[in-house]
Amino acid sequence: MSASPAIPTVVKLGGSCLDDLDGTWWDDLARHGRERPLVLVHGWSKPLKKLDARYSEPSAILRDRYGNQSRWTTPEVIDDIKTVSAVLAEDVLGRLESRGITAERLLGSDGLVGAGEGERWWWREKQLVELENLVGPITGVDPAPLKNLQPGHAYLVTPLARNAAGQEVNTDADRAAAAIAGATGASDLVLVTDVGHLLIDDQPVRRISAEDAAAFRDKGAKGGMRKKLRAAGEALEHGVERVVIGSAAVSDLLAGSTGTLITKAPDGAATSGADA
């Protein structure tokens with residue numbers, strides 16, 4: 001069953017892989033974008049580290065009392081995120097517009113993404129201390145700022161949010177993409193990253209159910225993949241039909257020829273082997 005042209009495809013562009021997406025990748029995205037509206041949500045970790053070496057230092061990352069990691073985000077960091085986002089947006093929008101896709105940049109904090117109160121207690125030098133860290137869990141998405149969801153047009157979203165106190169805060173880009181996909185009625189969420197598949201026991205997984213993905217997330221997944229699996233589960237809970245994780249062209253990922261497909265249906269049991 002084909003989706004309505006007004007229903008967007010939401011694509012998370014991993015900050016770690018943007019430099020590796022060649023012209024054929026963008027050609028493919030533009031072809032897809034002529035048929036479906038696009039909402040692109042970009043990461044910024046790698047560009048931020050290029051901007052200032054201190055963002056690569058261990059002290060730039062905090063761990064809360066529950067073991068969750070977060071970038072220590074101050075007003076200065078928010079400004080630097082906006083700086084690298086503006087440069088990234090100029091490149092991405094230029095690539096799309098040269099291929100016939102009109103595009104515009106949108107800050108999530110400009111009325112699109114809302115955030116709740118963030119954790120205040122963090123480990124520093126082996127002690128739990130109270131810090132103001134401008135991060136917060138996503139509490140909702142208002143799709144009203146996405147006024148031009150139509151084929152041939154794309155939005156590039158910077159994953160910042162605004163909390164109830166009016167503060168601009170940092171959010172996880174994968175989970176922001178999941179929340180936006182749910183709020184816009186997207187049937188597909190594509191998480192483009194620098195790995196080809198989810199790996200379980202060092203074996204690529206082509207298809208997995210949301211239940212099995214959540215079990216692996218809590219027991220075996222690490223780092224960025226753990227966040228991606230959490231985002232996938234949240235997207236499916238909010239009505240997204242399928243989530244695909246991989247490093248290939250969007251059309252190939254959606255066709256199931258590569259990457260890892262995650263669905264809510266119980267028949268999505270883990271299937272290993274990249275070509276199975």
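Numbers here are sequence positions counted from 1.
Side-chain contact between Lys82 and Glu168 is present, with heavy atoms from C-beta onward closer than 4.5 Å. At a threshold of 4.5 Å between non-hydrogen side-chain atoms, the residues Arg36 and Ser187 count as touching. Residues Val39 and Leu106 have side chains not in contact (no heavy-atom distance under 4.5 Å, counting atoms from C-beta outward). Annotation: side chain of Arg226 is in contact with side chain of Asn68 (closest heavy-atom distance under 4.5 Å). Contact annotation: the side chain of Leu131 approaches that of Arg124 to within less than 4.5 Å [non-hydrogen atoms, C-beta and beyond]. Counting heavy atoms from C-beta on, the side chains of Ser109 and Arg162 come closer than 4.5 Å. Asp188 has its side chain out of reach of Val250: every pair of non-hydrogen atoms, C-beta onward, lies at least 4.5 Å apart. Asp80 places a side-chain heavy atom less than 4.5 Å from the side chain of Tyr55.
At a threshold of 4.5 Å between side-chain heavy atoms, the hydrophobic network of Ile, Leu, Val, Met, Phe, Trp and Tyr places Ile180 and Val169 in two separate groups. In the hydrophobic clustering of ILVMFWY residues, with side-chain heavy atoms under 4.5 Å counting as a link, Ile81 and Val87 come out apart. Hydrophobic clustering, with ILVMFWY side chains joined whenever heavy atoms are under 4.5 angstrom apart, groups Val190 together with Leu18. In this structure, Leu156 is a member of the same hydrophobic cluster as Leu96, with clusters built from ILVMFWY side-chain heavy atoms closer than 4.5 Å. Criterion: ILVMFWY side-chain heavy atoms under 4.5 Å apart, direct or through other members. Under it, Val11 and Trp26 are part of a common hydrophobic cluster.
Of all heavy-atom pairs between Trp72 and Val77, the closest is O-CG2, 3.6 Å. Across Ala176 and Thr171, no two heavy atoms sit closer than the pair CB-OG1, 4.1 Å. Taking all atoms of both residues into account, the shortest heavy-atom contact from Ala186 to Val10 is CB-CG2, 3.9 Å. Residue Trp44 comes nearest to Pro159 through the heavy atom pair NE1-CG, 3.9 Å, listed as atom of the first residue, atom of the second, then distance. Residue Asn133 comes nearest to Trp122 through the heavy atom pair ND2-CZ2, 3.3 Å, listed as atom of the first residue, atom of the second, then distance. When every heavy atom of Asn170 is checked against every heavy atom of Leu160, the shortest pair comes out as CA-CD2, 4.1 Å.
The line from CG of Leu38 to CG of Leu149 is 10.0 Å long, rounded to the nearest 0.5 Å. To the nearest 0.5 Å, atoms CG (Asp20) and OG1 (Thr193) are separated by 10.5 Å. In this structure, Glu241 CD and Leu236 CG are separated by 10.0 Å, a value rounded to the nearest 0.5 Å. For the atom pair CG of Asp19 and NZ of Lys46, the computed distance is 4.5 Å after rounding to the nearest 0.5 Å. One finds the CZ atom of Arg71 at 4.5 Å from the CD1 atom of Ile61 (value rounded to the nearest 0.5 Å). Residue Glu119 holds its CD atom at 9.5 Å from CD of Glu130, rounded to the nearest 0.5 Å.
Between the side chain of Trp123 and the main chain of Leu62, no donor-acceptor pair closer than 3.5 Å is present. For Tyr155 (side chain) and Pro37 (main-chain N/O), no donor-acceptor pair under 3.5 Å exists by modelled atom type. Side-chain atoms of Arg54 do not come within 3.5 Å of backbone N or O of Ser59 as any donor-acceptor pair. Listed for the Thr260 side chain is a donor-acceptor partner under 3.5 Å among the backbone atoms of Leu198. Distance alone, capped at 3.5 Å, places no donor-acceptor pair between the Thr74 side chain and the Leu134 backbone.
For the residue pair Glu104 / His153, a side-chain donor-acceptor distance below 3.5 Å is found, with atom types taken as modelled. Checking Ser251 against Asp28 by side-chain atom types alone, a donor-acceptor pair falls below 3.5 Å.
Taking a 6.0 Å sphere around CD of Glu117, one finds it holds 12 or fewer heavy atoms contributed by other residues, nucleotides or ligands. Atom CD of Gln127 has 12 or fewer neighbouring heavy atoms from other residues, nucleotides or ligands inside a 6.0 Å radius. Surrounding CD of Glu211 are at most 12 heavy atoms belonging to other residues, nucleotides or ligands under 6.0 Å away.
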Quiz item: Would Leu254 and Arg242 count as a side-chain contact (heavy atoms from CB on, under 4.5 Å) if you check the C-alpha gap in whole Å, the side-chain angles of each, and the deciding distance to 0.1 Å?
Solution: CA-CA 9 Å; Leu254 290 175; Arg242 56 182 181 167; 4.0 Å; yes

Quiz prompt | Leu88/Thr158 under side-chain contact (heavy atoms from CB on, under 4.5 Å): CA gap, chis, key distance, verdict | solution = CA-CA 10 Å; Leu88 184 152; Thr158 298; over 6 Å; no

Exercise. Start with the C-alpha gap between Asp91 and Arg95, add the side-chain angles, then the distance that decides, and say whether salt bridge (charged side-chain N to carboxylate O under 4.0 Å, His left out) holds.
Key: CA-CA 6 Å; Asp91 178 53; Arg95 290 176 183 271; 3.2 Å; yes

Exercise. Show the numbers, then the answer: is there a side-chain contact (heavy atoms from CB on, under 4.5 Å) between His32 and Thr9?
Key: CA-CA 9 Å; His32 186 78; Thr9 297; 2.8 Å; yes

Practice problem: For the pair Ile245 and Met225, evaluate side-chain contact (heavy atoms from CB on, under 4.5 Å) and give the outcome as yes or no after the intermediate values. | Solution: CA-CA 9 Å; Ile245 301 173; Met225 186 56 71; 4.2 Å; yes

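Here the options are Lys227, Arg230, Lys12, the test is salt bridge (charged side-chain N to carboxylate O under 4.0 Å, His left out), and the partner is Asp174; only Lys12 passes.
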